[in-house]
Amino acid sequence: MTGKELYYIAEAHFNGKLAGDGPFTKKCHGWLESQTCTRKALLTHSCTAALEMAALLLDLKPRDEVIMPSYTFVSTANAFVLRGATPVFVDIRADTLNIDESKIEAAITPRTRAIAVVHYAGVGCEMDTILQIARRYGLKVIEDAAQGVMARYKGRALGAIGDIGTYSFHETKNVISGEGGALLVNDGAFVDRSEIIREKGTDRSQFFRGAVDKYTWQDYGSSYLPGELIAAFLWAQMEEADRITSQRLEIWERYHAAFAAKEASGHLRRPVVPAECKHNAHMYYVLLPDEQTRNCVMDRLKHDGINAIFHYIPLHSSPAGQRYGRVGGDLTVTDSVASRILRLPLWLGLSSAQCDRVIDRVHAALE
Ligand SMILES: *Cc1c(COP(=O)(O)O)cnc(C)c1O
């Protein structure tokens, strides 16, 4: 926590409004809209819920296809699978671990409807190229920017570059509310329907603005809005988002400087952040030379009481990924990275001494 979370929760209680879209939710929406320049920001229960809303907005039909990386969290794929669509997995770039934009075109078929990109570790995908491909083939671009709050690509906020973006405020992310998320509606054509889908398929939001004199069932939808207690907690975090980001960046830079020599000697590879990307220090990872070394270092750190962990089991090799998706090209980089990645502890409040101890133990494990 950053300090005022419980104070704002008490304030929400005294406001006497605990359902969604009260004063704290409005503050959060305003912050997101000014921070990202999106047309419309809407809080949701989670990034997963926001991705489901994105899939509903696209009106996907069974057997439609959505191109995405295999190296991602399950929610990127699940949202579209719930609509009956097929995820088509393409490989990632060896440098940023983001979707390899040069592999997208070969995976496009007459059934392709959208490209869902994931900004891994808060480092932006090559969005200009991806948007050009999407435009050429008439596809929508969904940004899973779960890890991308406060990060930018060529000056633009991650999540506000494609047609629709999604954020996560899960406690493992940078700005948090326990569970939580947001939908960023960048394409103006989706604005009205996104409010309706979020409010159980009704025009309740327009009713509260006085735009209609009663509200009724207009479209399909569900309940995607969080209550005010969550928004109150989140508002305290948003107020401190600059400080959260700069403290995380300090830890990230400390790791990065400490491992420069080990990278030069070929013992590991550090994260790559392209010049056009301003990242948010969501994650610090290293890539070890092979799976055996990775597992060995991970075990040594565990023995030293340090929780360093690997990351995604690629979706194309998971049971549901094989049942519901298909591969679009070979996934060599994905398989290699998944077997060699090691994520180091990075959280707000990790002290310099703790960080140095992790660095020291990684060095020792590599000897
Ligand atoms: C965390 C995460 C999600 C899920 O976020 P929730 O808010 O927990 O639903 C989805 N995609 C990616 C890439 C994530 O990192």
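Only heavy atoms go into these numbers, but all of them, side chains included; no hydrogens, no water, no symmetry mates. Indexing begins at 1, ligand by ligand and atom by atom, following the structure's order.
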For Tyr312, counting its heavy atoms only, list the atoms of ligand 1 lying under 4.0 Å from any of them.
-> 13 (C), 15 (O)

Under 4.0 Å from any heavy atom of Gly180, which atoms of ligand 1 are there?
-> 7 (O)

Report the member of Met283, His311, His170 with the shortest heavy-atom distance to atom 8 (O) of ligand 1.
-> His170

Could you see which bit of Ala146 sits under 4.0 Å from ligand 1, with heavy atoms only: side chain, backbone, both or neither?
-> side chain

Could you tell me whether Val118 approaches ligand 1 through its side chain, its backbone, both or neither, with non-hydrogen atoms closer than 4.0 Å?
-> side chain

Would the number of heavy atoms belonging to other residues, nucleotides or ligands and lying under 6.0 Å from CZ of Arg209 be above 12?
-> yes

Taking the six-membered ring for Trp, are [X] and [Y] parallel (under 30°), tilted (30 to 60°) or perpendicular (over 60°)?
{"X": "Phe208", "Y": "Tyr215", "result": "tilted"}
{"X": "Trp252", "Y": "Tyr284", "result": "perpendicular"}
{"X": "Phe259", "Y": "Tyr255", "result": "parallel"}

Examine Thr72 against ligand 1 and note whether any of their N/O atoms are separated by less than 3.5 Å.
-> no

Using distance alone, decide if ligand 1 has a nitrogen or oxygen within less than 3.5 Å of any nitrogen or oxygen in Ser75.
-> no

Min heavy-atom dist [X] to ligand 1 below 4.0 Å:
{"X": "Ala49", "value": "no"}
{"X": "Lys173", "value": "yes"}
{"X": "Tyr71", "value": "no"}

Minimum-distance protein heavy atom relative to [atom]:
{"atom": "atom 11 (N) of ligand 1", "result": "Asp144 OD2, 2.7 Å"}
{"atom": "atom 15 (O) of ligand 1", "result": "Gln147 NE2, 2.8 Å"}
{"atom": "atom 9 (O) of ligand 1", "result": "Thr48 OG1, 2.5 Å"}
{"atom": "atom 3 (C) of ligand 1", "result": "Phe73 CD2, 3.6 Å"}
{"atom": "atom 7 (O) of ligand 1", "result": "Ser168 OG, 2.7 Å"}

Are Glu126 and Arg93 close enough, and set up right, to give a salt bridge (Lys or Arg N to Asp or Glu O under 4.0 Å), and what steps lead you there?
-> CA-CA 10 Å; Glu126 185 26 55; Arg93 290 165 54 132; 5.3 Å; no

Would you check, one step at a time, whether the test salt bridge (Lys or Arg N to Asp or Glu O under 4.0 Å) holds for Lys140 with Asp59?
-> CA-CA 11 Å; Lys140 294 293 179 194; Asp59 276 328; over 6 Å; no

Tyr312 and Val333: same hydrophobic cluster, using ILVMFWY side-chain contacts below 4.5 Å?
-> yes

Taking Glu33 for the side chain and Ala41 for the main chain, is one N or O donor matched with an acceptor at less than 3.5 Å?
-> yes

Is a side-chain donor or acceptor of Arg270 paired with a backbone partner of His256 at a separation under 3.5 angstrom?
-> yes

To the nearest 0.5 Å, how far apart are CD1 in Ile130 and CD1 in Ile104?
-> 4.5 Å

